[in-house]
2 protein chains.
Amino acid sequence: MQESGEVGRAARGARRGRKNPAAQKSGARLPAAQTPSAARSAATPRRWRRRKEARPTEILEAALAVFAERGFAAARLDDVAARARISKGTLYLYFDSKEALFKAVVRAAIVPNIAQAEAAASDFPGPTADLLAVVLRRLGQVIGETPIGAIPKLMLAEAGNFPDLARFYLKEVIGRGFKLFSGILARGIARGEFRPVEVKDTVRLIIAPMLFIGLWRHAFERHSGERLDAPRFVAQHIDMLRRSLAPAPSAEPRP
Amino acid sequence: MQESGEVGRAARGARRGRKNPAAQKSGARLPAAQTPSAARSAATPRRWRRRKEARPTEILEAALAVFAERGFAAARLDDVAARARISKGTLYLYFDSKEALFKAVVRAAIVPNIAQAEAAASDFPGPTADLLAVVLRRLGQVIGETPIGAIPKLMLAEAGNFPDLARFYLKEVIGRGFKLFSGILARGIARGEFRPVEVKDTVRLIIAPMLFIGLWRHAFERHSGERLDAPRFVAQHIDMLRRSLAPAPSAEPRP
DNA sequence: CATTAATAACTGACTGGTCAGTTATTAGAA
DNA sequence: TTCTAATAACTGACCAGTCAGTTATTAATG
């Protein structure tokens with residue numbers, strides 16, 4: 001094995017004394033267009049445009065799609081570039097390395113959603129079971145209907161190869177998500193709306209099926225006739241949770 | 001040619017004179033001792049042994065470990081070989097390709113367990129909730145305490161790259177597992193021990209947390225202080241299921 | 001029992017292809 | 001014209017897979 005460090009090497013290396021770029025294929029006929037610039041006047045097929053602002057998000061979208069399908073290691077940057085309608089070199093104008101691109105994809109996809117969910121949860125007036133339902137339905141939409149649902153699969157697969165990304169994800173996504181649901185559970189228990197369950201495992205039991213949606217969709221669904229109807233699945237999950245979190249009905253009168 | 005041998009190069013000697021011996025300055029370990037045959041009399045550290053029968057399972061174990069840590073694409077066969085205490089060439093005496101090795105790993109790890117679970121479930125006398133608990137506890141052990149728990153992560157990650165393996169896994173593992181739990185659910189509903197839930201989604205809700213155990217353990221646990229106590233987690237899952245599958249308590253007296 | 005011959009298991013240097021990352025050059029924009 | 005986004009050809013590293021050669025083991029022979 002080798003390395004393990006982050007990032008690649010220093011950026012600008014002035015190494016490499018080229019040979020003689022022109023000499024190589026001496027007699028080779030020059031490709032196609034002989035006239036340097038004059039001949040392309042009529043039908044102006046522009047080869048490219050400057051789009052400095054639009055590129056980064058386009059690249060991130062393309063990269064998410066390719067990573068989602070192939071996984072990090074098997075994804076080719078040529079494919080990402082092609083999908084983003086640019087050349088591979090252009091990728092490197094915006095991202096330092098494949099790894100940096102991967103991290104950016106994860107961050108860009110996840111962070112806004114987490115923050116939004118936290119905000120939505122913090123000032124919910126009604127019953128806690130309804131709050132839980134709202135949050136889960138929203139999460140189900142994001143995972144089930146956007147490419148973001150592929151991120152968990154990616155992270156799972158690559159956690160072993162990118163320890164620092166794994167830690168980032170643990171802290172910024174899993175940790176915060178965990179806190180979000182822990183807070184909801186605690187609220188319900190404090191209000192007497194939920195029975196006093198063990199919080200940590202219960203949160204995991206709440207999250208696991210949500211994870212399942214993304215995993216199924218992005219790993220197996222295309223190979224299997226079985227469709228997963230995310231809203232219905234989430235509804236069933238919510239229903240089961242309502243029942244299993246309900247305080248003991250007959251035996252325990254409220255104090 | 002080949003003048004280096006000072007001792008008797010008689011027959012056994014280090015022939016090894018490849019074409020350009022000096023070209024690669026890399027870590028070419030020098031051929032160690034001088035007398036090839038004489039020196040190995042006292043403390044005979046045989047360089048290797050023939051172990052035709054033991055190899056395949058050893059290779060499979062090593063491969064599972066390496067694949068589990070790195071994923072298929074990032075795993076190096078040199079690492080697998082090193083872990084199995086053999087050379088890379090030997091791998092190819094037993095498996096045709098990296099892909100064939102991967103498939104063999106999955107098959108070897110999964111198939112026996114599925115069959116065993118089916119057998120155990122088919123003739124269970126007691127209440128269906130107990131049957132469900134037994135099966136889940138057993139599954140929790142396998143996933144939580146053996147390297148087999150890494151397989152789901154692997155399959156998830158590589159389903160996109162190995163369509164035929166994905167289909168194999170869908171059919172032989174997911175399909176059969178699904179049937180197993182569907183049968184249990186149906187049994188409970190038919191006996192009036194469970195309320196009449198929608199089966200398909202409910203089975204997914206039962207399986208998802210079990211999957212979660214393996215995913216957590218093999219992707220994140222080492223990066224996070226958070227231990228997952230599988231038996232406790234499974235117990236909590238079972239408890240929640242008992243509650244959420246119970247028939248309506250007040251309204252429905254048994255006939 | 002000691003040699004020798006035959007066979008099969010095993011090794012590791014090597015090859016060939018792939019792909020991340022680099023750079024000289026081109027062409028759009030100002 | 002100058003500046004720079006973008007390109008496309010290029011390079012080097014890495015690694016799956018191969019194969020000529022080595023070594024353990026077994027069988028045959030003296």
Side-chain angles (χ1 to χ4, degrees), chain A residues 1-3 7-22 24-25 28 31 33 36-38 40 44-56 59 70 72-82 84-102, chain B residues 11-24 26-29 31 36-37 40 44-56 59 70 72-82 84-102:
Chain A
M1 49 288 271
Q2 34 70 282
E3 72 92 28
V7 181
R9 48 232 26 212
R12 303 258 78 133
R15 333 158 25 89
R16 169 124 40 290
R18 318 275 303 111
K19 283 107 175 272
N20 44 355
Q24 187 137 326
K25 52 189 53 181
S37 65
R40 201 178 58 257
T44 310
R46 255 197 185 71
R47 303 214 315 163
W48 48 267
R49 281 170 196 262
R50 295 183 152 193
R51 296 176 54 241
K52 190 182 167 81
E53 296 74 27
R55 296 295 190 214
I59 294 172
R70 297 272 216 259
F72 177 83
R76 278 166 300 190
L77 290 189
D78 281 312
D79 288 349
V80 174
R85 312 292 204 104
I86 57 172
S87 72
K88 188 167 62 156
T90 303
L91 281 181
Y92 283 86
L93 298 177
Y94 295 96
F95 299 95
D96 288 342
S97 66
K98 190 184 188 185
E99 185 171 333
L101 175 61
F102 183 58
Chain B
R12 208 70 72 69
R15 186 101 185 73
R16 184 104 329 147
R18 231 70 178 116
K19 10 201 65 183
N20 47 2
Q24 210 81 4
S26 64
R29 69 219 215 64
S37 70
R40 206 182 56 255
T44 303
R46 269 184 169 75
R47 306 218 306 151
W48 49 266
R49 275 169 198 271
R50 299 178 150 198
R51 297 177 53 243
K52 188 183 169 72
E53 298 75 26
R55 297 297 190 210
I59 294 172
R70 297 277 219 252
F72 176 83
R76 279 166 296 189
L77 290 189
D78 280 311
D79 288 349
V80 174
R85 312 291 202 104
I86 56 172
S87 72
K88 189 164 63 153
T90 302
L91 281 182
Y92 283 86
L93 299 178
Y94 293 96
F95 299 95
D96 288 342
S97 67
K98 191 184 186 184
E99 185 171 334
L101 176 60
F102 184 59

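Predicted model only: the values in this text are computed from it and were never measured. In what follows, chains are A, B, ... by sequence order, proteins preceding strands, each numbered from 1.
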**Prompt:** Roughly, in whole Å, what's the span from CG in A:Asp78 to P in C:dT22?
**Reply:** 15 Å
**Request:** Give the rounded distance in Å between these two atoms: OH of B:Tyr92 and C1' of C:dC14.
**Result:** 14 Å
**Item:** Partners passing side-chain hydrogen bond (donor to acceptor under 3.5 Å, both in side chains) against A:Arg85 (at least two apart in sequence or in another chain)
**Value:** none
**Per A:Thr90 side chain, nearest of listed nucleotides D:dG17, D:dT7, C:dG21** = D:dT7
**Asked** If you look at every strand shown and take non-hydrogen atoms under 4.0 Å, does B:Leu91 touch a base, only sugar-phosphate, or nothing?
**Response** nothing
**Separation of C:dC19 P from A:Arg70 CZ (nearest whole Å)** = 9 Å
**Request:** Name the closest nucleotide to the B:Lys98 side chain, picking from C:dA9, D:dG17, C:dG21.
**Result:** D:dG17
**Item:** Separation of D:dC14 P from B:Leu77 CG (nearest whole Å)
**Value:** 16 Å
Find every protein N or O atom lying less than 3.5 Å from an N or O atom of nucleotides 16-18 of chain C, and list the pairs.
none

**Asked** Which part of the nucleic acid, if any, lies within contact of B:Tyr94, taking any heavy atom under 4.0 Å across all strands shown: a base, the sugar-phosphate backbone alone, or nothing?
**Response** sugar-phosphate
**Asked** Quick one: B:Asp79 CG to D:dC15 P, roughly how many Å, whole number?
**Response** 8 Å
**Prompt:** In whole Å, what is the span from the CD atom of A:Glu99 to the P atom of C:dC19?
**Reply:** 19 Å
**Whether B:Lys98 side chain and B:Ala75 backbone form a donor-acceptor pair below 3.5 Å** = yes
**Request:** With heavy atoms under 4.0 Å as the rule, sort B:Ala75 into base, sugar-phosphate or nothing.
**Result:** sugar-phosphate
**Asked** What integer distance in Å separates B:Arg55:CZ from C:dA9:P?
**Response** 11 Å
**Request:** Using side-chain hydrogen bond (donor to acceptor under 3.5 Å, both in side chains) as the criterion, list what pairs up with B:Ser87, not counting sequence neighbours.
**Result:** B:Thr90
**Item:** Separation of atom NZ in B:Lys88 from atom P in D:dC14, rounded to whole Å
**Value:** 13 Å
**Complete:** Quick note, A:Ser87 side chain, CB onward, closest among D:dA6, D:dA16, C:dG21 is D:dA6
